[in-house]
Amino acid sequence: MFKKILIANRGEIAIRVHRACCELGIPTVAIFSEADRAALHVRVCDEAFCVGPAPSRKSYLNMDRILEVAQQCGVDAIHPGYGFLSENAEFAERCAALGITFIGPNTKAIRVMGNKTTSRVAVAEMNVPLVPGMKENLRDEAHAMEWAERIGLPLMMKAAAGGGGKGMRMITRMEDVPAAFRAARSEGLDSFGDASVYLERYVESPRHIEIQVLGDKHGNIIYFPERECSIQRRHQKVIEEAPSTIVDEDMRRAMGEAAVKAARSVGYDSAGTVEFIVSGKTREFFFLEMNTRLQVEHPITEMITGVDLCKEMIKSAAGDPLPFTQEDISLYGHAIECRIYAEDPDNNFLPTPGKIIGLRVPGGPWVRDESGMYEGLDVPIHYDPMLSKLVVWGSTRERAITRMLRALGEYAVKGIKTTISFHARVIGSEAFAKGDFDTHYIDNHFRPADAARPMPHEDVALLSAAIQAYRRDKERAQHLLGGHPDGQEHSAWKSSGRVR
Amino acid sequence: MFKKILIANRGEIAIRVHRACCELGIPTVAIFSEADRAALHVRVCDEAFCVGPAPSRKSYLNMDRILEVAQQCGVDAIHPGYGFLSENAEFAERCAALGITFIGPNTKAIRVMGNKTTSRVAVAEMNVPLVPGMKENLRDEAHAMEWAERIGLPLMMKAAAGGGGKGMRMITRMEDVPAAFRAARSEGLDSFGDASVYLERYVESPRHIEIQVLGDKHGNIIYFPERECSIQRRHQKVIEEAPSTIVDEDMRRAMGEAAVKAARSVGYDSAGTVEFIVSGKTREFFFLEMNTRLQVEHPITEMITGVDLCKEMIKSAAGDPLPFTQEDISLYGHAIECRIYAEDPDNNFLPTPGKIIGLRVPGGPWVRDESGMYEGLDVPIHYDPMLSKLVVWGSTRERAITRMLRALGEYAVKGIKTTISFHARVIGSEAFAKGDFDTHYIDNHFRPADAARPMPHEDVALLSAAIQAYRRDKERAQHLLGGHPDGQEHSAWKSSGRVR
Amino acid sequence: MTYIATYRGQITKIQVQESEAGNFRVTLGNRDYVVDFLEPQKNILSLIIDGKSYEVDVDAAANSDDFGVMIKGDHYEIEVVEERKKKLAMKLAAGASGRQDLKSPMAGNVRAVLVQVGEHVAAGQVLLILEAMKMQNEIKSPIAGILGSITAREGVTVSMGDPLCVVEPIPD
Amino acid sequence: MTYIATYRGQITKIQVQESEAGNFRVTLGNRDYVVDFLEPQKNILSLIIDGKSYEVDVDAAANSDDFGVMIKGDHYEIEVVEERKKKLAMKLAAGASGRQDLKSPMAGNVRAVLVQVGEHVAAGQVLLILEAMKMQNEIKSPIAGILGSITAREGVTVSMGDPLCVVEPIPD
């Protein structure tokens with residue numbers, strides 16, 4: 001097993017990885033940007049080194065500095081988390097050159113799966129179903145028109161290097177093909193430095209369902225029951241659950257086996273996720289892409305299988321064979337995850353950086369908190385707005401839903417607005433209860449106008465504000481008179497009095 | 001199902017019951033003493049009523065007032081939690097007389113199991129193994145000598161109404177029998193208002209192992225895998241785990257079936273626990289007593305079976321038949337619970353009431369927090385010092401242990417001393433890892449002298465204190481000069497600036 | 001003390017009286033409430049009203065009459081002003097122009113300023129782009145008008161509530 | 001600034017220097033430390049020393065030189081006094097008697113006072129019983145002596161650190 005691991009990430013995933021290391025008895029090294037000196041991951045890890053200024057490219061993406069720290073403190077492995085350098089083949093190679101294990105798959109897998117067209121070629125050879133469409137990139141507009149006719153409408157024009165909804169254009173009329181070609185190329189070049197684009201069929205009522213796989217360095221690959229990730233906002237997952245309401249035992253096995261084949265096409269040897277697009281109408285599933293890293297939503301799979309994916313990923317990177325076979329994995333209950341963002345759901349999801357001045361985290365049975373927050377944290381403006389993930393387990397989907405609603409109700413984050421109450425509205429909706437949704441659900445059903453919905457406790461809100469105004473005015477008045485009202489300030493040095 | 005439930009308790013168990021109700025969609029009514037106005041259970045329940053002054057007998061044991069509140073707000077059921085009125089047959093009867101369901105077993109079960117000698121008679125009729133000894137009370141010293149000879153040394157003299165280690169005397173010499181008889185009688189009378197005492201054999205290297213049972217109003221009773229509760233301090237459980245290291249499948253079934261027989265002897269129809277004393281030498285098990293309520297340590301059984309006991313108890317009280325049979329209950333992994341007390345483990349476990357000025361609760365995979373704490377809570381001096389329960393699950397016992405150590409390391413309660421670090425020393429001990437302990441383990445192995453053990457971070461502690469002294473002195477100096485250093489005080493009215 | 005509260009454009013007169021420490025009588029329009037009040041954590045209130053228990057978060061900026069109130073996950077933005085102060089403010093407002101002071105809705109970095117002083121802008125036209133947490137957010141003009149002044153500078157970080165620019169209505 | 005720290009009876013000289021905001025140089029006996037210092041939550045410190053990250057809780061009572069320090073679950077009670085103040089205190093202590101001021105080790109209720117002023121008490125003799133959280137705790141005399149005065153009263157609640165009684169040593 002590793003002697004010391006550097007965690008090349010921040011926020012909740014850095015803490016998740018630290019926890020796994022801690023339980024494995026492996027000391028950890030945190031890295032942080034100048035904006036993150038006060039971040040929780042810096043405080044919980046055993047060692048911590050600053051790797052540069054706030055902007056990611058100068059710190060969390062700064063390979064030179066990160067590798068310098070890694071060598072300086074003698075780590076023998078680096079866990080990249082998700083995002084940042086987690087799918088960067090060059091970084092993985094540089095680690096290897098220094099004799100440091102990159103905790104992730106082999107670099108060929110990263111490269112092939114990092115590009116949509118090369119990954120389509122690779123998995124098609126293993127007979128994994130693809131969204132009907134191209135396995136090469138488009139040469140020019142004429143080529144685009146030719147393929148558009150062949151595949152038929154509606155179509156998706158996609159940047160080959162794309163991800164996260166960028167560089168994508170839906171096409172419903174043939175005459176829009178040339179414009180979509182130009183737009184997708186330009187977005188691909190801007191966002192990913194790669195102008196390659198290709199065409200595939202647009203799947204209607206799409207659901208996004210993905211399969212976690214886990215491989216080792218001895219050729220073993222297993223799959224886990226699916227995750228349903230269709231609840232998205234602007235192509236970003238917001239709520240995930242496992243299992244999916246539309247997948248039965250046969251479909252689960254078929255998707256799992258397809259995912260293992262996809263993984264086998266690149267000799268996959270770590271934790272990874274094969275994403276499928278599923279037609280909500282026909283329940284056909286098609287390979288979309290493979291993420292060659294630990295996924296944000298990995299905890300729901302952990303909750304329904306009892307497997308600690310983060311720990312197994314580390315053990316596999318250290319050369320351990322998988323401690324279980326496909327037959328050992330069984331599905332147990334239901335799990336849901338809500339991603340809590342620092343965004344104002346009633347104001348077009350504007351980011352809300354700022355100081356967390358009060359925090360009460362939900363607890364009790366089968367509630368799991370994955371968070372980088374603490375009372376007093378100043379949420380920086382430089383990074384992703386995800387604050388935490390709230391995960392629940394229930395013996396049935398219905399119980400998981402009522403538990404998630406209960407837990408969301410307990411979650412109090414003060415000082416900044418978050419998406420907590422928004423999650424409660426989505427999870428509490430009838431369509432969600434029925435499992436009746438696709439990837440457009442939030443964008444179609446939760447409009448900005450919802451902010452004007454009637455609020456149930458208007459009177460209590462009004463009288464609370466008035467009482468606070470009264471108390472403020474009373475304190476001010478007493479202050480003017482030189483008095484010191486009940487709200488007297490404690491010196492920074494007065495404290496618990498715990499010490500005699 | 002019930003329309004509204006009053007929770008006749010406080011602290012973590014009131015919150016546990018509220019959470020179950022919340023997930024069942026049932027509104028809750030909290031009661032509180034004058035000392036508990038700021039308690040968390042008052043804030044999370046839907047309604048809240050003060051039932052009297054701080055001392056328990058004037059508030060949490062004040063049946064008249066509690067029933068008055070219950071009627072006033074129209075509840076149709078009362079959940080008593082544990083302690084307080086939970087095993088009070090008179091209270092259960094008064095609830096029934098008002099048409100309010102007492103969420104617990106029938107009153108006969110409470111009465112019979114509330115007395116050691118009557119319970120021994122009842123379960124012996126069902127052929128449940130008893131600690132060899134009497135099934136009646138002692139008449140006088142002569143009677144005591146006669147029975148002492150018959151059972152043989154070593155002996156235990158016990159108060160029939162006793163519990164929690166009170167009214168018990170171990171006897172190793174025949175000549176001590178008369179004195180033990182007098183002492184136990186007097187303690188029984190003082191503590192429980194009942195001077196009845198009896199004799200039973202003293203079991204050597206005793207382990208305390210208990211079986212959770214669950215019954216309904218239709219005659220069904222099932223058992224759950226055992227809980228190991230031998231880690232005790234002065235006869236109070238401190239750490240519990242499930243399953244036990246000394247119980248195998250056969251013994252598990254035998255104990256479970258014995259527990260169901262004991263429950264059947266009183267027509268048990270709710271959640272309850274049958275406690276056994278087990279010889280660490282011979283693994284023989286003997287009935288000790290039955291607790292006719294939800295137990296503090298119920299969460300570990302929930303974690304290894306996936307059953308929400310608190311919820312099932314409520315549903316059973318409402319007349320629902322059990323939704324599963326014995327065959328549906330299977331054992332899944334391992335769970336451990338640590339009871340976190342407001343006590344100073346390095347100062348003879350003196351209670352440490354006071355204000356919690358900082359709190360960070362452990363999170364992450366398979367960590368469950370059951371707590372009534374929040375940052376700012378002033379822990380009152382009037383009640384039990386248990387602050388919270390920390391529960392973890394792991395796929396194996398070893399993983400549960402490393403996870404508990406990790407979680408204890410994350411747990412930060414500032415302002416008052418707690419037993420958190422003490423738990424880490426017990427759980428981290430070699431004997432615990434081997435499962436090699438009995439009920440005397442803590443009292444024998446963790447002596448007050450341990451407080452003088454060498455501390456690993458002495459230098460960091462010294463320099464931290466010195467830096468804080470320096471910063472205080474600097475602030476004072478600047479204050480004298482009229483300056484306002486970096487630690488400037490915010491007005492109570494300055495806050496997040498979240499509002500424009 | 002009497003206050004005027006404005007919530008979603010609706011005005012309510014509220015009388016607050018402290019009957020004893022921790023107990024308030026509040027009259028809201030014509031509805032009376034007896035409030036058992038406690039602030040166990042700063043800005044987190046525990047209210048018991050007629051047996052019902054509420055946990056209420058209240059935020060108020062330093063010298064502002066705007067209160068952000070959170071109850072069971074819902075957010076209420078309420079302005080509370082003392083009655084006489086409010087009357088004065090309303091008189092002043094009656095004489096004021098339709099001038100729009102645009103303030104930053106969040107902390108962020110000014111990515112781009114797309115307009116110049118003196119330029120005519122349409123209602124809804126994008127004036128600036130603010131970036132925070134990897135997202136670009138457009139700041140639009142609430143009215144058609146002329147750009148009066150611009151405080152925001154490209155590449156400069158702003159806090160929530162900082163002035164960005166002023167749009168003057170087109171004179172009649 | 002130079003301090004004298006006392007921990008478990010052992011005395012250490014500590015020099016503290018703030019090299020720049022958030023950075024300290026500390027000399028502990030003959031060991032030098034460069035400390036990257038932050039207080040992200042009140043009384044909770046984040047220290048990075050030579051790459052090692054420590055989270056340290058420090059409590060100090062209002063006007064006390066006693067610091068309660070918690071690191072990774074272990075508790076350290078440390079007295080830190082400025083060097084010149086310490087020298088003065090030691091001089092005074094040299095001339096002081098062995099008089100014992102007993103203070104309450106916790107908040108609680110005085111259940112029973114078992115001795116009277118002027119009474120001879122043995123070392124370890126129980127003087128009072130304090131009750132808190134359903135537990136009775138005995139307060140014992142640290143020395144053999146004579147009871148000088150009693151501040152504690154039966155049935156009265158005391159806070160941690162409140163004086164309970166004084167035991168005077170028996171005069172030679």
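Proteins come first, then strands; the chains are lettered A, B, ... in the order of their sequence lines, and each starts at number 1.
Using a 4.5 Å heavy-atom cutoff, the side chains of D:Ile48 and A:Arg37 are in contact.
Between the side chain of D:Ser53 and the main chain of A:Ala48, no donor-acceptor pair closer than 3.5 Å is present. Formation of a donor-acceptor pair under 3.5 Å by the D:Gln41 side chain with backbone atoms of A:Glu375 is found in this model. No side-chain donor-acceptor contact under 3.5 Å links A:Arg43 to the backbone of D:Leu47.
Of the atoms belonging to A:Val69, not a single heavy atom falls under 4.5 Å from chain D. Neither the backbone nor the side chain of A:Cys73 has a heavy atom closer than 4.5 Å to any heavy atom of chain D.
Environment of CZ in D:Arg25: sparse, with no more than 12 heavy atoms of neighbouring residues, nucleotides or ligands closer than 6.0 Å. Around CZ of D:Arg84, the count of heavy atoms belonging to other residues, nucleotides or ligands within 6.0 Å does not exceed 12. For CZ of D:Arg111, the number of neighbouring non-hydrogen atoms (other residues, nucleotides, ligands) closer than 6.0 Å is 12 at most. The environment of D:Asp50 atom CG is sparse: at most 12 non-hydrogen atoms of other residues, nucleotides or ligands sit within 6.0 angstrom. Shown here is D:Lys72, whose NZ atom has more than 12 heavy atoms of other residues, nucleotides or ligands within 6.0 Å. Crowding of D:Glu83 atom CD: a count of heavy atoms from other residues, nucleotides or ligands under 6.0 Å exceeding 12.
Here the CZ atom belonging to A:Phe49 is positioned 11.0 Å from the CG atom belonging to D:Asp36, to the nearest 0.5 angstrom.
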